[in-house]
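Just so you know, these numbers use all the heavy atoms, side chains as well, and skip hydrogens, waters and symmetry mates.
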Amino acid sequence: MTTQENASAYWKENLRYLFILLAIWFIASFGAGILFAEQLNTIKLGGFPLGFWFAQQGSIYVFVVLIFVYVHLMNKLDKKYGYDE
């Protein structure tokens, strides 16, 4: 592959990872915390309704986990395309 094709493929794969991870975060924060809160409130976690938990803490935990997942994926992607240090 040429350098331009290599960079283009790298960027496309990077964007695909970003969209997938942002969709997961959206589902966890907006979906679980707001849209599906009524259904999730029937489940208790630590004495609190699960919908409330996602709205207050769960989406933050999911976001932090997604940051580590993104770092791992980008390290693999960098090695795959030869951009690692």
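Using the six-membered ring where Trp is involved, F63 and W25 have ring planes that are tilted, between 30° and 60° apart. Note on ring orientation: taking the six-membered ring where Trp is involved, the planes of W53 and Y61 are tilted (angle from 30° to 60°).
Within the model, atoms OH of Y81 and CG of N14 stand 10.5 Å from one another, a figure rounded to the nearest 0.5 Å.
Shortest non-hydrogen contact noted between Y83 and A7 is OH-CA, 3.6 Å.
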TODO: Any chance you could lay out the side-chain contact (heavy atoms from CB on, under 4.5 Å) test for L73 and V69, step after step, and finish with the verdict?
DONE: CA-CA 6 Å; L73 289 172; V69 169; 3.9 Å; yes
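Side-chain contact between F48 and I43 is absent, with no heavy-atom pair separated by less than 4.5 Å. Contact annotation: the side chain of V65 never approaches that of F68 to less than 4.5 Å [non-hydrogen atoms, C-beta and beyond]. Contact check for I24 versus I20: side-chain heavy atoms found under the 4.5 Å cut-off. For the pair L50/K44, no side-chain contact is recorded, criterion being any heavy-atom separation below 4.5 Å from C-beta on.
The salt bridge (Lys or Arg N to Asp or Glu O under 4.0 Å) search around K80 returns E13, not counting sequence neighbours. Legend: residues meeting side-chain contact (heavy atoms from CB on, under 4.5 Å) with F26, ordered by chain and number and at least two apart, are F30. A32 pairs by the side-chain contact (heavy atoms from CB on, under 4.5 Å) definition with L40, F54, not counting sequence neighbours.
Of the N and O atoms on the side chains of Y70 and N75, not one donor lies less than 3.5 Å from an acceptor on the other residue.
Side-chain atoms of S8 do not come within 3.5 Å of backbone N or O of Q4 as any donor-acceptor pair. Using a distance-only test at 3.5 Å, with no hydrogens or angles considered, a donor-acceptor pair links the side chain of N41 to the main chain of G51.
F19 and V62 fall within a single hydrophobic cluster, where Ile, Leu, Val, Met, Phe, Trp and Tyr side chains are chained together by heavy-atom contacts under 4.5 Å. Under a hydrophobic clustering in which Ile, Leu, Val, Met, Phe, Trp and Tyr are joined whenever their side-chain heavy atoms come within less than 4.5 Å, directly or via other members, L21 and I27 fall into different clusters. Note on L66: it does not cluster hydrophobically with I60, by side-chain heavy-atom contacts below 4.5 Å among ILVMFWY residues. Linking ILVMFWY side-chain heavy atoms closer than 4.5 Å, directly or via other members, places L15 and L22 in a single hydrophobic cluster.
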